[in-house]
Amino acid sequence: MRHVTTLVLVHVIISLIAIVAGVLVMFGLLGSRAMPGLTAIFLVLTILTSATGFVIPPLVTEKLLPSHIIGGLSLVLLAIACIALYAMQLKGAWRPIYVVTAMVSLYLNVFVLVIQSFLKVPALQALAPAVPPNPPSGPVFAAVQGIVLVFFAVVIIGAWRRFRPVTFA
């Protein structure tokens, strides 16, 4: 059981670092700044976040959870983002494809962070109690997720329009 606790802790730490790196990359996109090192950290750690989520019990072979579906979707988006960035070098349509896939994968990571925060932080639990096995719900939880969704929609549209790096080497 101790190894599961350690795995969850590592998963959470990786996820939080990926989110911080992703937010910095997001603001770089808005400023049309290529940030190759930080972008690589964001992509690798976000891939690790999604991948490690599959080995935290219950395993997908035991029970398919919404978190597994979100993790799978995130991995597909991240694969496309990596192809757009590294193989296609953001040429032509690959630039907006990269922006959308990378930032939607960041959104999914933040979406899960909000859910986990409402499940684990006592003050947030009181605002939106969850009845296991259901996730949190109610107007406060819906409002927070709605704000996060609108924020990311606005930022992704802004990044789509503004991110035109001279080079990404």
Side-chain angles (χ1 to χ4, degrees), residues 4 7-30 35 38-60 62-85 96-161 163:
V4 171
L7 176 62
V8 170
L9 179 62
V10 168
H11 171 79
V12 169
I13 290 169
I14 291 169
S15 181
L16 292 174
I17 296 169
I19 289 170
V20 170
V23 168
L24 294 173
V25 168
M26 177 178 66
F27 286 111
L29 293 176
L30 288 170
M35 304 165 79
L38 194 56
T39 298
I41 290 168
F42 159 65
L43 292 171
V44 166
L45 292 182
T46 306
I47 289 167
L48 280 173
T49 295
S50 295
T52 57
F54 287 101
V55 295
I56 296 172
L59 301 177
V60 74
E62 298 165 8
K63 181 178 183 184
L64 180 65
L65 298 174
S67 59
H68 295 131
I69 295 168
I70 291 171
L73 176 58
S74 182
L75 287 171
V76 169
L77 291 170
L78 289 161
I80 295 168
C82 287
I83 290 167
L85 180 59
I97 289 170
Y98 163 73
V99 169
V100 171
T101 55
M103 292 301 99
V104 171
S105 68
L106 174 60
Y107 163 72
L108 291 174
N109 215 0
V110 172
F111 175 82
V112 171
L113 174 66
V114 171
I115 293 170
Q116 290 300 318
S117 296
F118 274 90
L119 287 172
K120 308 287 191 238
V121 177
L124 295 176
Q125 283 177 336
L127 294 172
V131 179
N134 298 321
S137 61
V140 173
F141 176 74
V144 171
Q145 287 290 29
I147 290 166
V148 170
L149 176 62
V150 169
F151 172 79
F152 271 91
V154 169
V155 169
I156 290 169
I157 291 168
W160 178 316
R161 291 180 176 169
F163 182 60

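- A distance-only check finds a donor-acceptor pair linking the side chain of Ser117 to the backbone of Leu113 [under 3.5 Å].
- From Leu108, atom CG reaches atom CD1 of Ile69 across 12.0 Å, with rounding to the nearest 0.5 Å.
- Two residues are said to be in side-chain contact when any heavy atoms from C-beta on lie closer than 4.5 Å; Tyr98 and Thr39 meet this criterion.
- The CD1 atom of Ile97 sits 12.5 Å away from atom CG of Leu85, with the distance rounded to the nearest 0.5 Å.
- Separation of atoms CD1 (Ile47) and CZ (Phe42) is listed at 9.0 Å; rounding is to 0.5 Å.
- Once rounded to the nearest 0.5 Å, the distance linking CG of Leu73 with OG of Ser50 reads 9.0 Å.
- Across all their heavy atoms, Ser105 and Ser74 have their closest contact at CB-OG, 3.8 Å.
- Not a single donor-acceptor pair under 3.5 Å links the side chain of Thr46 to the backbone N or O of Leu43.
- The shortest non-hydrogen separation linking Thr52 to His11 is OG1-ND1, 2.6 Å.
- With Thr49 contributing its side chain and Leu45 its backbone, the two residues share a donor-acceptor pair below 3.5 Å.
- Residues Leu65 and His68 have side chains in contact (heavy-atom distance under 4.5 Å, counting atoms from C-beta outward).
- Counting heavy atoms from C-beta on, the side chains of Met103 and Trp160 never come closer than 4.5 Å.
- Using a 4.5 Å heavy-atom cutoff, the side chains of Ser67 and Ile56 are not in contact.
- Contact annotation: the side chain of Leu106 never approaches that of Val25 to less than 4.5 Å [non-hydrogen atoms, C-beta and beyond].
- Closest approach of Ile70 to Val112, counting heavy atoms only: CG2-CG2, 3.9 Å.
- Taking the side chain as every heavy atom from C-beta outward, Tyr107 and Leu149 approach each other to under 4.5 Å.
- The two atoms that bring Leu30 and Ala159 nearest to each other are CD2-N, 3.5 Å, heavy atoms only.
- With a 4.5 Å cut-off on side-chain heavy atoms, Val12 and Val8 count as touching.
- Side-chain contact check for Pro135 versus Leu119: every heavy-atom pair is 4.5 Å or farther apart.
- Taking CG of Leu75 as the start and CD1 of Ile80 as the end, the distance is 11.5 Å to the nearest 0.5 Å.
- Ring pair Phe118/Phe141 is perpendicular by interplanar angle, where above 60° counts as perpendicular and below 30° as parallel.
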